[in-house]
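By convention here, the first residue in the shown sequence is residue 1. Keep in mind it's a predicted model, so treat the numbers as computed, not measured.
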Amino acid sequence: MSEPVDIVQLVRALPARARGRACIVLTHEVVGRAEWAAKLAAQTDSEHLDLLDHFAQDRTLAGRIAHFSVEHLFDFLKNRSPAPVLIVSGIEFLTATWAGQRNAIEHFAGRVETWNGRPCLLFVLQYDRAIATRRFGRHRQHTFVVDQADTLQL
């Protein structure tokens with residue numbers, strides 16, 4: 001077992017990164033994921049966006065799900081919040097649509113590693129083996145993937 005990660009400290013440190021200003025928290029629990037993300041946002045002066053709820057409320061976005069690529073996601077989130085960190089949950093419906101796209105999850109992980117935009121991004125999503133085992137080597141000094149089971153309790 002690895003050292004527990006202080007997720008609050010990690011979120012607060014994201015804006016100080018010059019590069020690689022995004023991170024992924026993988027969770028094994030489906031129930032309560034959005035609530036956990038909202039609680040983390042409240043404790044870190046961040047903003048929480050549940051994409052599933054947002055798409056469900058916006059008919060225009062809902063109609064574009066099948067064509068909403070990894071690039072569309074990052075363009076959509078760019079400048080989305082005045083908060084230093086935007087915590088994003090509820091993206092599993094998008095990753096499911098990307099399953100048919102060649103290398104989409106790899107592309108998503110690559111965009112996380114190279115994200116230098118504002119706000120900083122923290123994705124909270126269901127455990128994905130491809131992401132969990134991916135080597136993030138571009139900025140070795142930074143953490144890019146954390147298993148929620150390895151974080152200190154909020």
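R80 pairs by the side chain to side chain contact (heavy atoms under 4.5 Å, CB included) definition with L49, H54, F76, L86, not counting sequence neighbours. Partners of L52 by side chain to side chain contact (heavy atoms under 4.5 Å, CB included), not counting sequence neighbours, listed by chain and number: D50, F93.
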Worked check of ring pair (Phe, Tyr, Trp, His ring centres under 6.0 Å) between F68 and F74: CA-CA 10 Å; F68 210 82; F74 282 88; over 10 Å; no
As a quick check of understanding, evaluate side chain to side chain contact (heavy atoms under 4.5 Å, CB included) for L77 and V88, giving each step before the final call. CA-CA 9 Å; L77 297 175; V88 182; 4.1 Å; yes
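Within a 6.0 Å sphere centred on CZ of R118, heavy atoms belonging to other residues, nucleotides or ligands number 12 at most. Around CD of E29, the count of heavy atoms belonging to other residues, nucleotides or ligands within 6.0 Å does not exceed 12.
Aromatic ring pairs are classed by plane angle as parallel below 30°, tilted from 30° to 60° and perpendicular above 60°; the pair Y127 and H28 is parallel.
Side-chain contact check for V70 versus R111: some heavy-atom pair is nearer than 4.5 Å. Side-chain atoms of P15 and C120, non-hydrogen and from C-beta on, do get closer than 4.5 Å to each other. Between C23 and L10, some side-chain heavy-atom pair lies under the 4.5 Å cut-off. Put simply, the side chain of L73 reaches to within 4.5 Å of the side chain of W98, judged on heavy atoms.
Remark: E113 does not engage R19 in a salt bridge, criterion side-chain N to carboxylate O under 4.0 Å.
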